[in-house]
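Letters A, B, ... mirror the listed sequences (proteins, then strands); counts begin at 1.
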2 protein chains.
Amino acid sequence: MKVVRNGEARRASRIGVVRSRDTASGLSSANLPVDSILRGDCVAELSKLPARSVDMVFADPPYNLQLQGELKRPDDSRVDAVDDAWDKFESFEAYDAFTRAWLLAVRRVLKPTGTLWVIGSYHNIFRVGAMLQDLDFWILNDIVWRKTNPMPNFRGRRFTNAHETMIWAAREPGARGYTFNYEALKAANEDVQMRSDWLFPICSGHERLKDEAGHKVHPTQKPEALLARVILSASKPGDVVLDPFLGSGTTAAVAKRLGRHFVGIERDPAYADAAQARIDAVEPLPEAALALAPTAREAPRVAFNTLLDRGLVAPGTMLTDAKARVRAMVRADGTLSLETAPGLGQIGSIHRAGAIAQGLEACNGWTYWHIETREGLKPIDSLRAVMRSEMAIAAE
Amino acid sequence: MKVVRNGEARRASRIGVVRSRDTASGLSSANLPVDSILRGDCVAELSKLPARSVDMVFADPPYNLQLQGELKRPDDSRVDAVDDAWDKFESFEAYDAFTRAWLLAVRRVLKPTGTLWVIGSYHNIFRVGAMLQDLDFWILNDIVWRKTNPMPNFRGRRFTNAHETMIWAAREPGARGYTFNYEALKAANEDVQMRSDWLFPICSGHERLKDEAGHKVHPTQKPEALLARVILSASKPGDVVLDPFLGSGTTAAVAKRLGRHFVGIERDPAYADAAQARIDAVEPLPEAALALAPTAREAPRVAFNTLLDRGLVAPGTMLTDAKARVRAMVRADGTLSLETAPGLGQIGSIHRAGAIAQGLEACNGWTYWHIETREGLKPIDSLRAVMRSEMAIAAE
DNA sequence: TCATTGAGTGAATCACTTC
DNA sequence: AGAAGTGATTCACTCAATG
């Protein structure tokens, strides 16, 4: 494949300044060359980038396949396996050193809230996973990509190798605030939690990049649907997604389509050219198709006493549990006084009082306590909803 | 749990001399105490056994879960997690040293044609896999056990951890003559090759061993169906199957039922007693019955976002009700955004959105929402039918 | 006897903000 | 920085009790 255009010139016009949600906190992505492909070795290129500037990394490193000679199908045709120089390593030690180097470089550019995805097969994923742990990343999940159409095992000596493994990891143990769009994933999955096993076809047909001669441009091009789920799961619109082994550019193309910024690193000029052309052809989806639905977690906090301030609840009102057995009186300061045993006479927040009344450690008072209305007994959470809609109008 | 009988006395009467198919080749299993449980540390016990005498090893080592605090369900009940002393290690280094020791001990007793299975989760399997490679085992497959009924992620902070991983490895690179019952597996799998992803329920109900008080005897008892597929895949009747971490005895019980000899090693007397009682109750199947049971086909469950993943619906597409009055936009993550009142702007699954649009509690989005096609307005359920036929290949 | 309901549970690395 | 307070969060299946 030949280089058909001037990548440098094209790149310069495309580099933008990312509008990062973390700019205010000093984790600036301002010096990050977003929406461009960096041509060069991934460790060298990563070390030029600002620290703590990237929201999510997806990495598809060489698999170190260790094929022992060529493989033929039952009809004696040759299997076009991965035998490229970039997939060759002298030894496991060499592969480990390589893995360690790029993982450390990735950790430096990740924001503290950022997460890393790595995909691999049994040839390399165990080494990658162990190294992640050794380097003090924190594994959140391992995800299995089940292939609907894997290559069969031609010799009949093993099980059909029908899956690959991804590891999703936070920057360090105890990392807080990483992005996981739980509600969106659940809503998209028949309203049940998304599981750790995903089913997708391998990349083929029109999606598979081919050169003029009809040969595949890259031997291990990943399906866009797989990357779409990864990016939709663990990043927000406007985030920066980095791929240190860009290859044919799937990560960048999908990131662009989904309204994320991308940074791609690729050493091979032919791959980089193909990826750039592919990315240029991508049209981002309209914002309305991307915006995340507000979640209960992110809803503005409402203190119970603001309901009293607004006159939605009067001091002296009696609250009860759903079955109207347990009773508590609303005091002027927004605390409750239990009027029934257990806990008779005890005073505390709606949450503490609910916990005491049930003999539990914790309780969500908003859903436990009910109030008598014209339409019958309703959870005080319905008053909070009224409160929140009033706040929303006021904010406009 | 108390020791209820004299294990030593019972064992003596049960130890037999294995009729090994390799006796002629000098790989004698004659001094192997088969069909018995060896009580003690697995490395110590393994070192007493003759070298090159075992056909297959299945190992379920401690996972080193590193659980932090306690976890509660949304209903405030406590999750009974694995907190046993045997699962606690000082560090990754300590776990690696432990792994290295037992793997070396296993390699010594394996015949050159023998294979090893190890099961684990993301907490330990990467370390085990890397160590296998370091010790010059040769990985044949990694197998994913997909659980039909995993424990959910109660806090909604990760993907449901719905699988465990097994590694199947030969004793060394280039090992020849290992057992893989390819034809039987294929025949049992509707005449297509058995894949690397297997679907089984977790062990519960009557199969789960309970003590007198009704508590589970072992926290991590594996399902017999899983072991049956492993043993039927990679051993022959009359072979010796060894389990260095016997626990509740699943490996031995299944091996006995399937006409294999077993050697179990277990350090904990309570576990060993329970396993012995369980094994004693097993009746070997008649030889004619020692074939693989056909694998149950999974009814493919199709989530709406799989239609997007496969390109059958594009983000931004408008869906309507049957009369084209209510409209909703398909978003990139597979949720819908309502474009008409009531519910304008609200986002949810196809089911939630349909319910909101109609002012109902629930709704079957598959039949409510329609899409414009060349043949007119059709329910999105018709697309699901297309999807299901495509997936029939991939489903087990 | 059978259908329905409710409680229980499984290898789990399961918050975030404010004071 | 550490402690305290708020309040968000579950799927498939089994078994016992009830109707």
Tabulate atom names and distances for all N/O pairs under 3.5 angstrom spanning the protein and nucleotides 6-10 of chain C.
from, atom 1, to, atom 2, distance (Å)
dG10(C), OP2, Lys216(B), NZ, 2.5
dG10(C), O5', Lys216(B), NZ, 3.0
dG10(C), N7, Arg73(B), NH2, 2.5
dG10(C), O6, Arg73(B), NE, 3.3
dG10(C), O6, Arg73(B), NH2, 3.4
dG10(C), N2, Asn149(B), O, 3.3
dG10(C), N2, Pro150(B), O, 3.1

Look for any protein N or O under 3.5 Å of an N or O in nucleotides 16-19 of chain C and output each such pair with its distance, or none.
from, atom 1, to, atom 2, distance (Å)
dC16(C), OP1, Arg157(B), NH2, 2.8

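Across the P atoms, dA8(D) and dA11(C) are found 30 Å apart, a figure rounded to whole Å. Taking atom C1' in both dT6(D) and dA12(C), one finds a spacing of 24 Å when rounded to whole Å. On the C1' atoms, dC14(C) is 15 Å away from dG7(D), given to the nearest whole Å. The separation of dA1(D) from dC16(C), taken at their C1' atoms, amounts to 16 Å, rounded to a whole angstrom. dA3(D) and dT13(C) are spaced 26 Å apart, taking the P atom of each and rounding to whole Å.
Interface limits on DNA chain D: the 5'-most and 3'-most nucleotides within less than 4.0 Å of chain A heavy atoms are dT6(D) to dC11(D).
With Ser196(A) contributing its side chain and Ala162(B) its backbone, the two residues share a donor-acceptor pair below 3.5 Å. Side chain of Lys323(A) to backbone of Asp321(A): no donor-acceptor contact under 3.5 angstrom is found. Between the side chain of Asp333(B) and the backbone N or O of Thr335(B), at least one donor-acceptor pair lies under 3.5 Å. Proximity of a side-chain donor or acceptor of Asn181(A) to a complementary backbone N or O of Ser235(A) within less than 3.5 Å is detected.
Evaluation of the salt bridge (Lys or Arg N to Asp or Glu O under 4.0 Å) rule for Asp197(A) yields Arg195(A), Arg146(B) as partners, not counting sequence neighbours. Listed by chain and residue number, Glu390(A) satisfy the salt bridge (Lys or Arg N to Asp or Glu O under 4.0 Å) test with Arg310(A) (two or more places apart in sequence, or in another chain). For Asp191(A), the side chain to side chain donor-acceptor pair (under 3.5 Å) test picks out Ser349(B), with sequence neighbours left out.
Using a 4.0 Å heavy-atom cutoff across all strands shown, Thr148(B) reaches sugar-phosphate atoms only and no base atom. The residue Ala362(A) sits close to a base: some heavy atom pair falls under 4.0 Å. Nucleic acid contact class of Ser349(A) (heavy atoms, under 4.0 Å, all strands): sugar-phosphate only. Across all strands, Lys186(A) comes closer than 4.0 Å only to sugar-phosphate atoms, never to a base (heavy-atom distances). Within the 4.0 angstrom heavy-atom criterion, base atoms lie near Asp60(B). Gly120(B) comes within contact range of no nucleotide atom at all, as no heavy-atom separation falls under 4.0 Å. At the heavy-atom level, Arg195(A) lies nowhere under 4.0 Å from the strands shown. Glu183(A) comes within 4.0 angstrom of sugar-phosphate atoms only, judged by non-hydrogen atoms across all strands, and of no base. Gln193(A) comes within 4.0 angstrom of sugar-phosphate atoms only, judged by non-hydrogen atoms across all strands, and of no base. No engagement by Pro223(B) is indicated, since no non-hydrogen atom pair under 4.0 Å with the nucleic acid exists.
Within residues 93-102 of chain B, no residue has a heavy atom under 4.0 Å from DNA chain D.
Around CZ of Arg208(B), the count of heavy atoms belonging to other residues, nucleotides or ligands within 6.0 Å exceeds 12.
Interatomic distance, CG of Leu132(B) versus CD1 of Ile125(B), reported as 8.0 Å (0.5 Å rounding). In this structure, Arg229(A) CZ and Asp309(B) CG are separated by 5.0 Å, a value rounded to the nearest 0.5 Å.
Its glycosidic angle being within 90° of 0, dT13(C) falls on the syn side.
Within the structure, the side-chain hydrogen bond (donor to acceptor under 3.5 Å, both in side chains) test picks out the following pairs touching residues 377-389 of chain A (sequence neighbours left out): Asp381(A)-Arg384(A). Within the structure, side-chain hydrogen bond (donor to acceptor under 3.5 Å, both in side chains) pairs that include any residue of residues 355-369 of chain A do not occur (at least two apart or interchain). Pairs passing the salt bridge (charged side-chain N to carboxylate O under 4.0 Å, His left out) check and including a residue from residues 178-189 of chain A, sequence neighbours excluded, read Glu183(A)-Arg297(A). Each salt bridge (charged side-chain N to carboxylate O under 4.0 Å, His left out) pair with one or both residues in residues 84-96 of chain B, not counting sequence neighbours, appears once here: Asp96(B)-Arg127(B).
Using cut-offs of 30° and 60° on the angle between ring planes, the pair Phe89(B) and Phe98(B) is tilted. Between Phe200(B) and Trp198(B), the ring-plane angle classifies as perpendicular under the 30° and 60° cut-offs.
Geometric assessment of Arg157(B) against the ring of Tyr178(A) yields a positive cation-pi assignment under the 6.0 Å and 45° thresholds.
Heavy-atom nearest nucleotides on DNA chain D were determined for Arg352(A) and for Asn153(B), and the one closer to the 5' end corresponds to Arg352(A). Nearest-nucleotide positions on DNA chain D for Gly205(B) and Asp191(A) put Asp191(A) closer to the 5' end.
Atom pair Asp87(B):CG and dA12(C):P shows a separation of 11 Å (rounding to whole Å applied). Rounded to whole Å, the distance from NE2 on His123(B) to C1' on dA12(C) is 6 Å. Straight-line distance from the CD1 atom of Ile139(A) to the C1' atom of dA12(C): 14 Å, rounded to whole Å. The nearest whole Å value for the distance from the CG atom in Asn141(A) to the P atom in dT13(C) is 7 Å. As a whole-Å value, the separation of Phe159(B) CZ from dT13(C) C1' is 16 Å.
Side-chain rings of Trp86(B) and Phe245(B) stay apart, their centers remaining 6.0 Å or farther from each other.
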Kindly express the pairing pattern of DNA chain D in dot-bracket notation, using | wherever a base pairs with another strand and counting only Watson-Crick or G-U pairs under 3.5 Å. .|||||....|||||||||
